[in-house]
J.: 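Encoded as structure tokens, here's the structure I'll be asking about.
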Amino acid sequence: MKIIRHRFITSLTNMCVMDKWKYYAITHQRHLVCNPISVEKLERLCQLLKPKKGERVLDIACGKGELLVRLAELYGVSGVGVDISPYCIQECIEKHQNRVSSAKLKFVEMDGAEFMLKNNELFDLTMCIGASWIFNGYKGTLKALKEATKSDGLIVIGEPFWQKEPCEEDLKTEDIKKDDYGTHLDNVRLGEDQGLSCLYTIVANEDDWDHYESLQWWATDDFARNHPEDPDTPELLKRITREKEAYLKWRRETLGWAIYVFRKPR
Ligand SMILES: C[S@@+](CC[C@H](N)C(=O)[O-])C[C@H]1O[C@@H](n2cnc3c(N)ncnc32)[C@H](O)[C@@H]1O
């Protein structure tokens with residue numbers, strides 16, 4: 001897997017000895033949505049997307065499948081969710097069965113880039129929220145999703161952006177570079193440079209970010225209290241403490257997060 005520099009998922013890579021998907025499953029145990037957008041904002045996004053019944057949706061790095069399942073419940077879409085984590089895919093399959101078993105949804109455990117190489121279907125709506133490293137960054141994600149979307153279809157991407165100059169101290173301590181992200185304006189422009197029209201953006205506020213970050217602290221505490229004997233618990237605690245510190249000291253102020261909705265031209 002490519003180096004992941006997003007603050008909400010850095011923990012998956014750097015010097016991680018424990019299985020990264022186990023780490024992610026534990027730290028995101030309490031999350032319904034694994035990105036810093038609130039459930040209310042996700043609901044708003046669904047209402048705005050309003051796909052037609054039977055339309056086909058692709059969600060690369062679908063996480064726990066909440067968005068895809070919600071779109072199937074609300075609008076009767078069908079589609080495919082792809083995620084590399086076996087924990088996520090298991091949860092997606094259960095969610096599909098429990099909430100909307102009649103919907104034609106398929107959840108596939110595989111690398112999103114590989115899926116795109118093998119896929120030759122065009123979708124009405126394609127999404128990749130919080131996993132642009134799969135396509136070597138935001139630009140690559142725009143391109144990959146554009147290629148998998150029907151003309152006049154919609155593309156939804158979740159991506160960080162700098163809201164302020166990053167702090168030098170932070171840039172030294174983590175595998176994060178200034179060039180990894182642009183501004184909110186850059187994210188819109190990069191899509192438009194590829195011939196897409198940006199129709200809408202949803203931005204996480206501090207409360208959304210705090211919710212997303214601090215649920216990870218709580219979930220880790222749950223795990224450590226219930227599994228003190230687990231060989232991964234010391235590493236887990238060490239890493240989450242470091243993440244917590246970096247978030248509170250620097251990134252809460254400097255890094256933003258948004259979901260962008262683009263239209264592919266006819
Ligand atoms: C920040 S989470 C976002 C999940 C989901 N899109 C959401 O917003 O709730 C990133 C997701 O990317 C998945 N992932 C990481 N690398 C991947 C890859 N190479 N191919 C597919 N999924 C990947 C992780 O398992 C995780 O579920």
Side-chain angles (χ1 to χ4, degrees), residues 1-14 16 18-46 49 57-71 79-93 95-96 105-119 125-138 140-141 144-145 148 155-160 180-181 202-204 208-209 211-213 215-216 219 243 247 251 255-261:
M1 189 173 133
K2 294 278 166 200
I3 289 178
I4 297 163
R5 296 195 172 99
H6 303 247
R7 83 179 186 206
F8 51 90
I9 203 169
T10 10
S11 322
L12 297 188
T13 51
N14 308 336
C16 204
M18 72 181 282
D19 175 69
K20 61 182 100 156
W21 310 124
K22 177 181 172 185
Y23 179 93
Y24 183 76
I26 294 169
T27 55
H28 287 71
Q29 181 65 41
R30 285 176 170 257
H31 292 72
L32 182 65
V33 177
C34 302
N35 78 74
I37 288 296
S38 65
V39 174
E40 294 74 23
K41 288 178 184 173
L42 190 84
E43 190 57 40
R44 192 211 299 169
L45 177 65
C46 290
L49 289 172
V57 181
L58 172 66
D59 191 357
I60 297 287
C62 62
K64 298 184 177 187
E66 186 59 32
L67 186 50
L68 196 47
V69 165
R70 231 167 241 239
L71 290 173
V80 186
V82 180
D83 202 284
I84 204 166
S85 160
Y87 299 92
C88 285
I89 289 299
Q90 183 55 35
E91 197 161 332
C92 289
I93 290 168
K95 194 175 275 186
H96 176 204
L105 297 180
K106 198 165 94 179
F107 289 98
V108 187
E109 182 191 322
M110 76 186 282
D111 180 279
E114 214 177 295
F115 176 87
M116 286 305 220
L117 284 177
K118 293 185 176 153
N119 168 62
L125 166 62
T126 58
M127 315 191 282
C128 179
I129 298 178
S132 290
W133 58 84
I134 294 173
F135 304 106
N136 293 320
Y138 178 65
T141 304
L145 294 194
I155 294 168
V156 177
I157 304 184
E159 181 72 2
D180 288 341
Y181 310 122
I202 300 185
V203 175
D208 301 334
W209 263 119
H211 175 76
Y212 178 75
E213 289 289 328
L215 270 192
Q216 297 181 50
E243 291 293 316
Y247 172 68
R251 300 188 200 151
L255 204 57
W257 164 260
I259 291 183
Y260 302 88
V261 180

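Order of appearance sets the numbers: ligands from 1, and atoms from 1 within every ligand.
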J.: Where does the angle between the aromatic ring planes of H31 and Y212 fall among parallel (under 30°), tilted (30 to 60°) and perpendicular (over 60°)?
T.: perpendicular
J.: Going by the closest heavy atom to atom 16 (N) of ligand 1, which one wins out of W133, F135, Y212, Y87?
T.: W133
J.: Where do C62 and D83 come nearest, in terms of heavy atoms and distance?
T.: N-OD2, 3.4 Å
J.: Where is the tightest heavy-atom contact between P36 and A204, given as atom of each residue plus distance?
T.: O-CB, 3.2 Å
J.: State the atoms of ligand 1, each with its element, that fall below the 4.0 Å cut-off from a heavy-atom position in C88.
T.: 27 (O)
J.: Could you go through L45 and M127, starting from their C-alpha distance and side-chain angles, then the distance that decides it, and tell me whether this counts as side chain to side chain contact (heavy atoms under 4.5 Å, CB included)?
T.: CA-CA 12 Å; L45 177 65; M127 315 191 282; over 6 Å; no
J.: Supply the atom-to-atom distance M116 CE to L145 CG, rounded to the nearest 0.5 angstrom.
T.: 5.0 Å
J.: Would you check whether A61 has a nitrogen or oxygen atom less than 3.5 angstrom from a nitrogen or oxygen atom of ligand 1?
T.: yes
J.: Any idea which heavy atoms bring G158 and S132 closest together, and the distance?
T.: O-OG, 4.3 Å
J.: Is it the side chain, the backbone, both or neither of C62 that has a heavy atom closer than 4.0 Å to ligand 1?
T.: backbone
J.: Rounded to the nearest 0.5 Å, what separates atom CD1 in I134 from atom CD1 in I84?
T.: 7.5 Å
J.: Show the atoms of ligand 1 that are less than 4.0 angstrom away from any heavy atom in I134.
T.: 17 (C), 18 (C), 19 (N), 20 (N), 21 (C), 22 (N), 23 (C)
J.: Short list, please: which atoms of ligand 1 are under 4.0 Å from a heavy atom of M110?
T.: 20 (N), 21 (C)
J.: So which heavy atom on C46 is nearest to which on L67, and how close?
T.: SG-CD1, 3.6 Å
J.: Any N/O of W21 closer than 3.5 Å to an N/O of ligand 1?
T.: no
J.: Would you say ligand 1 has an N or O under 3.5 Å from any N or O of V33?
T.: no
J.: Near G130, which atoms of ligand 1 are under 4.0 Å from a heavy atom of that residue?
T.: 1 (C), 10 (C)
J.: Judging by distance only, is a nitrogen or oxygen of N35 under 3.5 angstrom from one on ligand 1?
T.: yes
J.: Could you report the tightest heavy-atom contact between L125 and V156, atom names first, then the distance?
T.: CD1-CG2, 3.8 Å
J.: Just how far is it from atom CD of E91 to atom NE2 of H96, taken to the nearest 0.5 Å?
T.: 15.0 Å
J.: G63 heavy atoms, cut-off 4.0 Å: which ligand 1 atoms fall inside?
T.: 4 (C), 5 (C), 27 (O)
J.: What do we get for H31 next to ligand 1 when only non-hydrogen atoms under 4.0 Å count, side chain, backbone, both or neither?
T.: neither
J.: Do any N/O atoms on D111 end up under 3.5 angstrom from N/O atoms on ligand 1?
T.: yes
J.: Taking only non-hydrogen atoms of E66, do any sit less than 4.0 angstrom from ligand 1?
T.: no
J.: Does K64 reach ligand 1 with a nitrogen or oxygen that is under 3.5 Å from one of the ligand's nitrogen or oxygen atoms?
T.: no
J.: For I84, which part has a heavy atom under 4.0 Å from ligand 1: side chain, backbone, both, or neither?
T.: both
J.: Below 3.5 angstrom, do we get any N/O pair linking C34 and ligand 1?
T.: yes
J.: Looking only at non-hydrogen atoms, find the nearest pair between A219 and R30 and report the distance.
T.: N-CD, 4.0 Å
J.: Is there a nitrogen or oxygen of G112 sitting under 3.5 Å from a nitrogen or oxygen of ligand 1?
T.: yes
